[in-house]
Amino acid sequence: MFSLEGLTNFIHEWLNGHLPATFALLAEFVLVGVAAIGLFAVLGLGLVWMERKVAAVIQIRLGPNRIGPKGIFQTSADTVKLIMKESLTPANADKFLFNLAPFVVIIVAMLILVPIAFAKAFQIWDINIGVLYVTAVSSLSVIGILMAGWSSGNKYSLLGAMRSGAQIVSYELSAGLSIITIIVLTGSLKISDIVASQENGWWIFKAHIPAIIAFVIFIIAATAETNRAPFDLAEAESELTAGFHTEYGGMKFALFFLSEYINIFIVCAIGATLFLGGWMPFHVGHWAAFNHIMDYIPSSIWFFGKTIFLIFVIMWFRWTFPRLRVDQLLNLEWKYLLPISMFNVLLMTLVAIMGWHF
Amino acid sequence: MTNEEIKIKITEILPAATFDETGEWLNVFVEASAFRSFMEQIRSDKDLDLDYMFCLTCVDWKTHLTMVYHLSSTNTRHCVVVKVKLDRDKPEIETVCDIWRTAELHEREVFEMFGVNFLHHPDLRLLILPDDFIGYPLRKDFEDPINMIKL
Amino acid sequence: MFEEIGTTAEGDLLINVGPQHPATHGVLHLVLTLNGEIIKKVEPHLGYIHRSIEKMCESLSYRQFIYVTSRMDYLSAHINNHACALVVEKGLQVEVPLRAQYIRVIMDELTRIASHELWWSAMSMDLGAFTPYFLAFREREKINEIMEETCGARLTMNYMVPGGVMAEPHPDFQKKVKAFVADFKKTLHEYDELITGNIIFQNRMKGVGYLSPEDAISYGCTGPVARASGVKSDIRKIAPYDVYDKVEFDEIIETGGDCFTRYQVRIKEMSQSIRIIEQLIDNIPDGDFQAKTKAVLKLPKGEFYQRVETARGELGVYIVSEGAAQPYRIKFRSPGFSNLSALDHMVRGYKIGDFIAIMGTLDLVIPDIDR
Amino acid sequence: MNASVIIFYCIAAFILLTGIVAVSSRKIFRSAIALLFSLTGIAGLYFWMDVNFIAAVQIIVYVGGIVVLIIFSIFLTQKSGEEMPKPPTTRVVFSWLAVLAGLGLIYRLISEYGFNKISSQPFNVEVSEIGNQMLSTTEHGYVLPFEAVSMLLLAAMIGCIVIALKSKPETK
């Protein structure tokens, strides 16, 4: 079976064999950093292209099709354009914070990437509080948006930032609670443990209805946390022109744009890890032969396949639904999702204690 | 209501009103001094019931201005045109925007295009033209050497 | 003009929606007074694309001025032209051949459908749904093609002339219109499935932007806006012109008065337009497409007023003639201008998101307001 | 000096620098952001010490919760864009005095404590252990303080709801 485990082990041993420990560690830092930035670039370009193609299919049109086969280099060309643009700073903006905000957003997105298991034994840091770390750090991204919105000195931006702050802080609750429903089953916050616990079936199948409820709530909350339609009130272009990033242009805008897609990737990766088994192949209880065949598909393909499926679902939302109003958005969270997910946690605890899951 | 009935009704309200029946609808000429109370009365009159003002405009006759109000009833669908002659040098007339709310924007438009001053209008400012614009574009003697198209 | 930027004395936020804003669909400038997200007041600042068409028309002949009016409400250019042609015919007392009348009405109704489709797509996009835009444009394109074949233009057709229409319709006209009608009946159902039944959409629209019948009349609202408040205002029924008194159709009257009702009225109007087209398209009589008129038209001294029903409401053309070859004074009573005046009344107390929905259902076309 | 110590000094410098900005900036929003970075730096210090759970909680509670709350209250009340007036000289003098006194006190405490080296074993506590401690009723259990804090938070929440309810009729 093809695995990335060998590759990482080989690099680690080779570095330690040829360099002193500190430099080997430093070299690994650099390697991981470059790999992460490379992944960012690839994800950004790929997901933007995917979004355009998904939108095109839904809207009965072709989408980008001029640059490269099926237009796959369109996003690269766009990036070049954005880099070459002059980066403007409005006169009445708080210049320091204005220029800092996109970097805060992108660094936070980069930090959340840390505990995600991309394939079997292919993870930057298998931190023992994995999922909690993700929830914690993702709450930082709201700061970047608030900074951007306030420092622009534009009232649309300020309104967008306020909306976005209220929205992200609220939806973190139900996202957290739906994560907890799975933690109740696994008994560990470590990503590798969570994946390992799904060896004989994914939680969404094993844990009956509560897992499905938690999954649905997680997807809704994830869409809201990443400021995607139908919850894209922070940028709501028909109301607030572009919300918190109205004043940004060129590369600084591109960083916001990129971080949106990275955030989508991350929440979908977390969703795939928690509910759909992460890199774990599709296994059915006692069907040894079937499970064996499934094992032949590389774990990285399983992981990216599941994640991209969830990303597709979120894109599908965006191109289908109208946008909510700001009070409806908060009503949905506080009056429906939060009580349901609280009740759901209790239900899941009951399931876990009674051993009703498979 | 036929034109004859309307005429009788209006004569009851304002004996000084004069009529012109050459057009499609009945035209009523009113003095500017009696205008406001006349409009209030024809609006509140049960039979006339002129609740809908579908057009408000002004015509520059070079010697004087004429305000033209097209009124109609949404129930019986008869129409009445009220006309008021105004002094061209100092055109002033009472507003009707509290009787027919639609008049508010229309009066502002007439104010800037013809320079008619609507007394007691709540918010009589330039609506369409830039704030520093001089002149009344729809008056006949208005000339703009740069922007005007003449054929 | 921009001294409003900032906050009011009461500490309310003032924001400028427009002159360039995605939700205004043109250069409309509205100054919103906000308390948080709640709207306290809306003030329109117009004139960014004012071309003073009324003044322009005073120097154009009765044949020429019709073409300028296509540029007012460019989404119902046919109907604007129709109104102008009718008022000139009224002055000259010309009898328009029946064939021309049929073609005019079919064209009017096609224009109405195209306009409502554009409204539907733009309004859905205001509410954050992007896909309807493309669905509606797919259908609208078919209408544009029909127009292009017959009139030579897609948006500003200038097909109506005093006394009839400019030319014979394209030989494929009937066939294409019938194909479009058959298609459109299915598509209309698709629209309902995609947007009307959506729970988010209904929550955004229901109970928002209520306009009472009395207010609708007082603000001079016409068209779907008035009809959604239960006011009978369809000029095609009140004062039928051309062959509208010979076809059967319903005036859509709803009493809800909110955004969702206005939405429904327009959707239902589209199927009524289809009904009118279906009745006429097979029965276009033979004959001339234009009445014989003099080369230079001169209206007799007097005043002429013609009301027609455009996609947005009542359009009035008021001509004062001194007997010359040009109108002495011309006034266009545009539906958008009056509908806009009700905006302030409708949005007070609602949120910014509602403001967008209300703007969307008012269906404002800015050149129509600014003229 | 190894990599670990260098990282420690970097983090410490970051915390101090942003802390100074937080108290000295005259734009209140900048202060809040600097405070936020300072708190994030403290979380980084916890990560450096391998107490991941505390670090995550630090971020969730202080950064995700409290600072966002502070920023919101700044948005809603203060004129956040304007520079605050310069503090009077007496206040500056006394705050410098307070700073110096605090520095002296802390320096004295630290020098007296004399850190003894503990084993270099990685300090690794399972999260489940923390959970058990939190809800245990034994001698070293934390269930009583935990519940007391819960009650406090509940009271605060109810208070918030009551305050929010009052302004409702005004805004329609």
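All heavy atoms count here, side chains included; hydrogens, waters and symmetry mates do not. Chain identifiers are assigned alphabetically (A, B, ...) following the order of the sequence lines, protein sequences preceding nucleic acid strands; residue numbering begins at 1 within each chain. Model, not experiment: these values are computed from the prediction.
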>> I need the residue from C:L194, C:I199, C:N198 with the largest number of non-hydrogen atom pairs under 4.5 Å to chain A.
In response: C:N198
> Given a strict heavy-atom distance threshold of 4.5 Å, which part of A:L324 is in contact with chain C: side chain, backbone, both, or neither?
Replying inline: both
>> For the interface with chain A, which of C:G353, C:S124, C:A357, C:G360 has the highest count of heavy-atom pairs at distances below 4.5 Å?
In response: C:G353
> Can you name the closest pair of heavy atoms from A:R323 and C:R204 and give their distance?
Replying inline: O-NH1, 2.7 Å
> Which pair of non-hydrogen atoms, one from C:K351 and one from A:V326, has the smallest distance, and what is that distance?
Replying inline: CD-CG1, 4.0 Å
>> Heavy-atom count check: over 12 atoms from other residues, nucleotides or ligands less than 6.0 Å from A:I209 CD1?
In response: no
> More than 12 non-hydrogen atoms from neighbouring residues, nucleotides or ligands closer than 6.0 Å to NZ on A:K70, yes or no?
Replying inline: no
> Would you say A:F73 has more than 12 foreign heavy atoms packed within less than 6.0 Å of its CZ?
Replying inline: no
> Name the one of C:N203, C:I352, C:I356, C:V208 that satisfies side-chain contact (heavy atoms from CB on, under 4.5 Å) with A:R325?
Replying inline: C:V208
>> Would you say that more than 12 heavy atoms from the other residues, nucleotides or ligands in this model lie under 6.0 Å from the NZ of C:K178, or not?
In response: yes
> Measuring from A:F321:CZ to C:T131:OG1, what's the distance to the nearest 0.5 Å?
Replying inline: 11.0 Å
>> Please find the pair of heavy atoms, one from C:I15 and one from A:Y156, that lie closest to each other, and give the distance.
In response: CD1-CE2, 3.7 Å
> What heavy-atom pair brings A:R318 and C:F130 nearest, and what distance separates the two atoms?
Replying inline: O-CD1, 4.3 Å
> Hey, is CZ on A:F312 packed in by over 12 heavy atoms from elsewhere, all under 6.0 Å?
Replying inline: yes
>> Once rounded to the nearest 0.5 Å, what's the spacing between atom CG of C:D354 and atom CG of A:D327?
In response: 7.0 Å
